[in-house]
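The structure presented is a predicted model; accordingly, all values stated were derived computationally and were not measured. Just so it is clear, the values below take in all heavy atoms, side chains as well, and ignore hydrogens, waters and symmetry mates.
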Amino acid sequence: QVQLVESGGGLVQAGGSLRLSCAASGRTSSSGAMGWFRQAPGKEREFVATINYNGLSTVYADSVSGRFTISRDSTKNTVYLRMNNLKPDDTAVYYCAASADYGLPRSLAAYDYWGQGTQVTVSS
């Protein structure tokens, strides 16, 4: 079992920045890729970014590429999502997820463990 706890969400004006954190505990030694997803009201949960097991490869959704950066610190068992130039369309609950996959999966089904989510609200 892996437990994930997100933090760092909040209210920010358009053009602002936030950094989300996801602290992992439990059987983290079996973790492969780590991902961030988001879900806006009335919409399906969607892929945002993923980072592979050693932190050397990343993939982003087109909507956030160039504005968001995912990183991981294995010494702290923590994954981060730096979000710059935020837009109102980025408003959503952001979820951290852990996968046993050693690639860069984008699908929700590839992730075995999920955090409880953290709210990000971007005002115009």
Side-chain angles (χ1 to χ4, degrees):
Q1 289 284 342
V2 175
Q3 293 78 43
L4 303 172
V5 178
E6 301 98 335
S7 61
L11 174 64
V12 63
Q13 289 186 335
S17 299
L18 283 174
R19 189 181 78 160
L20 305 182
S21 299
C22 172
S25 61
R27 297 187 63 180
T28 57
S29 60
S30 62
S31 179
M34 296 290 293
W36 286 96
F37 293 77
R38 66 187 182 186
Q39 187 167 16
K43 295 187 177 181
E44 295 185 349
R45 193 170 299 188
E46 65 176 6
F47 167 78
V48 174
T50 185
I51 188 166
N52 75 331
Y53 74 100
N54 62 10
L56 295 182
S57 296
T58 58
V59 172
Y60 297 91
D62 289 345
S63 59
V64 307
S65 182
R67 300 187 296 122
F68 290 11
T69 302
I70 187 172
S71 60
R72 67 191 299 171
D73 184 340
S74 296
T75 64
K76 298 181 179 180
N77 288 328
T78 301
V79 177
Y80 304 97
L81 185 69
R82 176 68 179 182
M83 306 184 294
N84 294 329
N85 191 21
L86 282 160
K87 305 175 181 180
D89 284 349
D90 295 318
T91 295
V93 177
Y94 282 72
Y95 297 90
C96 172
S99 172
D101 192 319
Y102 275 59
L104 293 162
R106 302 187 188 198
S107 67
L108 277 72
Y111 291 82
D112 306 296
Y113 302 100
W114 293 82
Q116 82 290 348
T118 185
Q119 177 71 46
V120 172
T121 303
V122 184
S123 63
S124 57

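Residues A33 and G103 share a closest heavy-atom pair of CB-O, 3.6 Å. V2 and A24 make their closest contact through CG1-CB, 4.4 Å (heavy atoms, listed as atom of the first residue, atom of the second, distance). Considering all non-hydrogen atoms of both residues, S99 and A110 come closest at OG-O, 2.8 Å. Here the closest non-hydrogen pair linking A49 and L81 is CB-CD1, 4.3 Å.
Residues passing the ring pair (Phe, Tyr, Trp, His ring centres under 6.0 Å) test with F37, sequence neighbours excluded: F47, Y111, W114. Looking at residues two or more places apart in sequence or on another chain, you find no ring pair (Phe, Tyr, Trp, His ring centres under 6.0 Å) involving Y60.
Atom CG of L86 sits about 10.0 Å away from atom OG of S123, to the nearest 0.5 Å. With rounding to the nearest 0.5 angstrom, the CG atom of N54 is 10.0 Å from the OH atom of Y102. A distance of 7.5 Å separates CZ of R72 from CG of N52, quoted to the nearest 0.5 Å. Interatomic distance, D89 CG to S124 OG, rounded to the nearest 0.5 Å: 10.5 Å. Interatomic distance, CD of Q39 versus CD of E44, reported as 8.5 Å (0.5 Å rounding).
Hydrophobic clustering (side-chain heavy atoms under 4.5 Å, transitive across Ile, Leu, Val, Met, Phe, Trp, Tyr) groups V79 together with F68. The same ILVMFWY cluster, assembled from side-chain heavy atoms under 4.5 Å apart, contains both V48 and V12. Using a 4.5 Å cut-off between side-chain heavy atoms of Ile, Leu, Val, Met, Phe, Trp and Tyr, with links allowed through other members, I70 and L104 fall into different hydrophobic clusters.
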Full working for side chain to side chain contact (heavy atoms under 4.5 Å, CB included) between M83 and V64: CA-CA 8 Å; M83 306 184 294; V64 307; over 6 Å; no

Determine whether M34 and L4 satisfy the following criterion, side chain to side chain contact (heavy atoms under 4.5 Å, CB included), listing intermediate values before the conclusion. CA-CA 11 Å; M34 296 290 293; L4 303 172; 3.9 Å; yes

Dump the intermediate steps for side chain to side chain contact (heavy atoms under 4.5 Å, CB included) on W36 and C96, then the final yes or no. CA-CA 5 Å; W36 286 96; C96 172; 4.0 Å; yes

Stepwise, does the side chain to side chain contact (heavy atoms under 4.5 Å, CB included) test hold for R67 with D90? CA-CA 11 Å; R67 300 187 296 122; D90 295 318; 2.8 Å; yes

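Judged by distance alone, the side chain of E6 and the main-chain N or O of G117 form a donor-acceptor pair under 3.5 Å.
The only member of T91, L11, L18 that meets side chain to side chain contact (heavy atoms under 4.5 Å, CB included) when paired with V122 is T91.
For residues 10-21, the pairs satisfying side-chain hydrogen bond (donor to acceptor under 3.5 Å, both in side chains) are S17-N84, with sequence neighbours left out.
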